[in-house]
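This report refers to the structure that appears directly beneath it.
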Amino acid sequence: MTLSKYEYSMELLAALACKTISERHNISRIKVFDSFIKTQTAKMLFDERTAFWCNGPDYIADEYKMETESV
């Protein structure tokens with residue numbers, strides 16, 4: 001299966017955002033990814049129509065933080 005450039009960008013940004021979150025909070029990347037992938041932030045990232053993937057990993061990590069802190 002070949003990924004489109006959008007899918008590749010989305011997956012790379014998800015990985016980089018999880019790395020950022022992991023380093024900021026000293027949590028394993030696997031735990032962060034498990035949490036991240038269930039959020040609205042991840043849904044927006046993987047929805048090509050939102051163009052959320054145009055943002056950088058720090059922005060995405062900040063959005064994740066705001067989402068999870070408001071719960």
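- Hydrophobic cluster membership is shared by Val32 and Met44, with clusters built from Ile, Leu, Val, Met, Phe, Trp and Tyr side chains linked at under 4.5 angstrom.
- Atom CG in Leu13 sits 10.5 Å away from atom SG in Cys18 (nearest 0.5 Å).
- Atom OG of Ser4 sits about 6.5 Å away from atom CE of Met10, to the nearest 0.5 Å.
- What you find for Glu67 and Ser70 is that their closest heavy atoms are O-OG, 2.9 Å.
- The side-chain hydrogen bond (donor to acceptor under 3.5 Å, both in side chains) pairs that include a residue from residues 14-24 are Lys19-Glu23, Arg24-Asp62, where partners are two or more places apart or lie in different chains.
- The CG atom of Leu45 sits 11.0 Å away from atom CD of Glu63, with the distance rounded to the nearest 0.5 Å.
- Residues Phe36 and Ala14 come closest through the heavy atom pair CE2-CB, 3.9 Å.
- Heavy atoms only, all atoms of each residue included: Ile27 and Lys31 are closest at CG2-CB, 3.9 Å.
- Hydrophobic clustering, with ILVMFWY side chains joined whenever heavy atoms are under 4.5 angstrom apart, keeps Ile37 apart from Leu12.
- Cluster membership for Phe46 and Leu16, using ILVMFWY side-chain heavy atoms within less than 4.5 angstrom, is not shared.
- One finds the CG atom of Asn55 at 11.0 Å from the OG1 atom of Thr41 (value rounded to the nearest 0.5 Å).
- Shown here for Asp47 and Trp53, the closest heavy-atom pair between the two residues is O-CD1, 4.4 Å.
- In this structure, Phe33 is a member of the same hydrophobic cluster as Tyr59, with clusters built from ILVMFWY side-chain heavy atoms closer than 4.5 Å.
- Closest of all the heavy-atom pairs between Ala61 and Ile21 is CB-CG1, 3.6 Å.
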